[in-house]
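Worksheet: the structure to be examined is printed underneath.
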Amino acid sequence: MRLTTEEAFVKVLQAHGIRDAFGIIGSAFMPISDLFPKAGIRFWDCAHEGSGGMMADGYTRASGRMSLMIAQNGPGITNLVTAVKTAYWNHTPLLVVTPQAANRTIGQGGFQEVEQMALFKDMVAYQEEVRDPARMAEVLNRVIQNAYRLSAPAQINVPRDFFTREIDVDLPAILEFERPAGGAQALDEAARLLANAKRPVILNGAGVVLAGAIPATARLAERLSAPVCVGYQHNDAFPGSHPLFAGPLGYNGSKAAMELIAEADVVLALGTRLNPFSTLPGYGIDYWPKDAAIIQVDMNPSRIGLTKPVSVGIVGDAGLVAEGLLQRLPEREPDRDRLGRIAQVKSAWAQQLASMDHEDDDPGTTWNARARAAKPDWMSPRMAWRAIQAALPREAIISSDIGNNCAIGNAYPSFEEGRKYLAPGLFGPCGYGLPAIVGAKIGQPDVPVVGFAGDGAFGIAVNELTAIGRPEWPAITMVVFRNYQWGAEKRNSTLWYDDNFVGTELSDRVSYAGIAQACGLQGVQARSMDELTEALRTAIRDQMEHGKTTLIEALINQELGEPFRRDAMKKPVAVAGIDAADMAV
């Protein structure tokens with residue numbers, strides 16, 4: 001077939017059903033973007049390439065459909081780095097298109113030149129550069145297929161002078177592989193452990209959501225009378241209304257989940273790499289069971305046993321493995337004593353969570369008490385989250401950001417199905433909440449979406465308000481927790497640095513609601529729980545019925561929750577000491 005290289009590129013995108021691209025227009029890829037409208041591909045021109053990449057991540061996580069991120073070679077591409085690594089640890093299959101400086105001048109230090117393959121070496125699961133124009137379709141097809149197979153971003157690097165070439169090429173076939181279901185011997189041993197367990201616990205990770213395995217894990221939990229915990233930031237990996245759902249582990253998660261997994265004699269970890277942050281102590285509880293048999297299921301064998309010793313490792317799709325275990329486990333009557341214990345622990349935690357209005361101070365510190373006294377009529381972060389829960393539709397997709405106030409909310413949201421909770425993941429970038437929820441709305445236009453961010457993190461992505469107010473962009477709802485500080489770092493300062501608040505304060509002269517209004521969007525402030533609940537209900541109604549985007553500034557006091565990393569911080573000790581008088585003139 002006689003084609004131009006850009007025609008070959010776009011035809012491969014079409015063959016894989018890739019219909020949405022995110023980025024900022026640049027001359028290096030205009031030969032393909034020129035064809036997007038004819039091909040039925042939408043180009044979402046954001047305000048910053050990094051946010052565009054996070055939109056792509058939110059789109060694919062919410063919809064299950066692959067999208068692509070793209071930018072001008074050089075500085076446009078370097079702006080994608082944070083988003084790509086975020087998607088990598090979110091296990092999001094994305095196509096990363098990196099137009100490269102021209103082959104004929106590469107190495108001369110020309111305009112917008114950088115080593116783009118080296119740049120993304122640690123950011124993607126697979127990368128390949130087009131070495132000859134005739135191989136354009138072949139390489140692109142392989143990159144896309146590897147993104148799917150590895151459930152992660154994959155990069156194609158294209159010298160910009162390889163476009164607008166004519167080539168003779170046969171478009172490549174798309175090969176789909178059967179996902180592994182686990183080895184028979186490993187499944188037999190895992191089933192034996194589970195059948196003999198007195199206190200089995202299931203831990204669902206992102207792999208359960210990606211595999212569509214929630215129904216299979218529910219049947220497995222019911223067969224075993226086992227509570228189901230979910231990994232940190234994976235609250236949508238099991239139905240919140242199910243009586244066996246125990247909640248999320250990890251930072252500010254569910255005490256019920258922590259208490260139940262601490263009692264386990266066998267843990268079935270499904271579709272999770274057991275990342276270290278998800279198993280750190282919470283609420284002072286070192287809950288990871290020391291003597292339990294651990295069965296770890298993951299598609300990637302290099303992740304099994306990496307962070308925790310395991311008794312059985314199973315390489316396979318979480319859903320297929322769950323089905324294989326069900327076939328091996330005998331039918332049995334529900335364990336009434338076990339179910340009663342689960343219900344009692346859940347009820348106690350639900351009552352405690354509902355009564356938690358304020359954050360405690362560590363011994364020797366008084367910041368939270370001072371913060372309450374300074375603004376006695378303002379909402380605390382937990383009051384804000386309870387007000388939000390009262391207005392949030394069960395079917396909503398939500399995003400979260402990195403930061404103290406979003407983290408305090410980790411225990412609150414639950415969901416009835418997967419692909420509903422878009423948290424920034426273990427790379428932990430600030431500025432994720434807004435772009436991710438915009439991408440989710442593009443991918444799922446008929447579903448209500450609500451994004452959440454603290455005011456520090458939101459400031460990194462605030463420029464996207466200038467993009468999303470245009471008529472072609474869908475309406476979303478965004479909640480910004482406004483307390484005029486970088487909360488996580490301020491909490492560290494109260495604990496280890498004697499309230500020496502370096503770089504933690506934000507301007508109280510800035511109104512994000514006012515910026516939203518200046519961008520043609522709706523911006524409102526909420527100062528009480530009732531105001532926040534009503535503002536959120538109205539904003540979601542405006543989103544779904546009138547196509548209007550609303551930013552809600554939730555004004556809260558400056559209470560600070562648990563630090564992210566007690567394990568990584570300690571109080572410094574002066575040895576030689578530092579004195580400003582030592583500064584050179």
Side-chain angles (χ1 to χ4, degrees), residues 186-205 208 213-214 216-232 234-235 237-240 242-250 253-272 274 278-297 304-305 307-314 318 321-322 324-352 411 414:
L187 286 168
D188 288 345
E189 176 60 16
R192 184 190 68 78
L193 287 171
L194 290 167
N196 294 325
K198 302 297 184 185
R199 298 176 305 280
V201 174
I202 297 173
L203 171 55
N204 280 2
V208 171
I214 293 173
T217 63
R219 293 193 298 273
L220 188 57
E222 290 158 6
R223 179 78 56 87
L224 294 168
S225 298
V228 180
C229 308
V230 294
Y232 177 66
H234 297 303
N235 300 35
F238 201 73
H242 197 289
L244 292 173
F245 179 58
L249 295 176
S254 163
K255 279 190 181 180
M258 296 174 191
E259 187 172 341
L260 289 166
I261 202 168
E263 300 172 351
D265 55 358
V266 177
V267 174
L268 173 62
L270 274 170
T272 172
L274 294 176
S278 289
T279 56
L280 287 176
Y283 308 105
I285 306 169
D286 188 6
Y287 53 81
W288 190 255
K290 303 296 188 294
D291 300 318
I294 308 298
I295 304 164
Q296 187 180 0
V297 180
I304 295 176
T307 63
K308 299 291 182 186
V310 300
S311 303
V312 179
I314 303 176
V321 170
L325 291 172
L326 274 167
Q327 293 170 12
R328 288 166 167 80
L329 288 168
E331 295 280 356
R332 60 186 184 187
E333 290 296 314
D335 185 336
R336 301 297 176 189
D337 291 339
R338 183 73 173 141
L339 294 177
R341 169 66 177 159
I342 295 167
Q344 180 268 321
V345 171
K346 285 182 59 177
S347 176
W349 168 238
Q351 292 177 49
Q352 184 178 356
S414 64

A side-chain contact here means heavy atoms from C-beta on lying under 4.5 Å apart; do [X] and [Y] qualify?
{"X": "R223", "Y": "L326", "value": "yes"}
{"X": "L329", "Y": "L220", "value": "yes"}
{"X": "L203", "Y": "C229", "value": "yes"}
{"X": "L268", "Y": "V297", "value": "yes"}

[atom1]/[X] to [atom2]/[Y] distance, rounded to the nearest 0.5 angstrom?
{"X": "T279", "Y": "D286", "atom1": "OG1", "atom2": "CG", "value": "9.0 Å"}
{"X": "L274", "Y": "K308", "atom1": "CG", "atom2": "NZ", "value": "8.0 Å"}
{"X": "D337", "Y": "I342", "atom1": "CG", "atom2": "CD1", "value": "11.0 Å"}
{"X": "R341", "Y": "E263", "atom1": "CZ", "atom2": "CD", "value": "4.0 Å"}
{"X": "Y283", "Y": "E259", "atom1": "OH", "atom2": "CD", "value": "13.0 Å"}
{"X": "L339", "Y": "L244", "atom1": "CG", "atom2": "CG", "value": "6.0 Å"}

| said: Exactly one of I202, V267, L194, L187 should register a side chain to side chain contact (heavy atoms under 4.5 Å, CB included) with I295. Which one does? | reply: L194
Using atom types as modelled and distance alone, determine if a side-chain donor or acceptor of [X] lies under 3.5 Å from a backbone N or O of [Y].
{"X": "S278", "Y": "G231", "value": "no"}
{"X": "R328", "Y": "A191", "value": "no"}
{"X": "S414", "Y": "G240", "value": "no"}
{"X": "N204", "Y": "A237", "value": "yes"}
{"X": "Y287", "Y": "G250", "value": "yes"}
{"X": "K346", "Y": "A256", "value": "no"}
{"X": "K198", "Y": "D265", "value": "no"}
{"X": "K290", "Y": "W288", "value": "yes"}
{"X": "T217", "Y": "I214", "value": "yes"}

| Under 6.0 Å from the CZ atom of R336, do we count more than 12 heavy atoms belonging to anything else shown? | no
Can you name the closest pair of heavy atoms from [X] and [Y] and give their distance?
{"X": "A411", "Y": "G253", "value": "CB-O, 3.4 Å"}
{"X": "T272", "Y": "Q296", "value": "O-NE2, 3.1 Å"}
{"X": "G313", "Y": "A186", "value": "O-CB, 3.8 Å"}
{"X": "G247", "Y": "A257", "value": "O-CB, 3.4 Å"}
{"X": "P227", "Y": "L260", "value": "CB-CD1, 3.9 Å"}

| field | Carboxylate-amine/guanidinium proximity below 4.0 Å for E222 and R219 | value | no
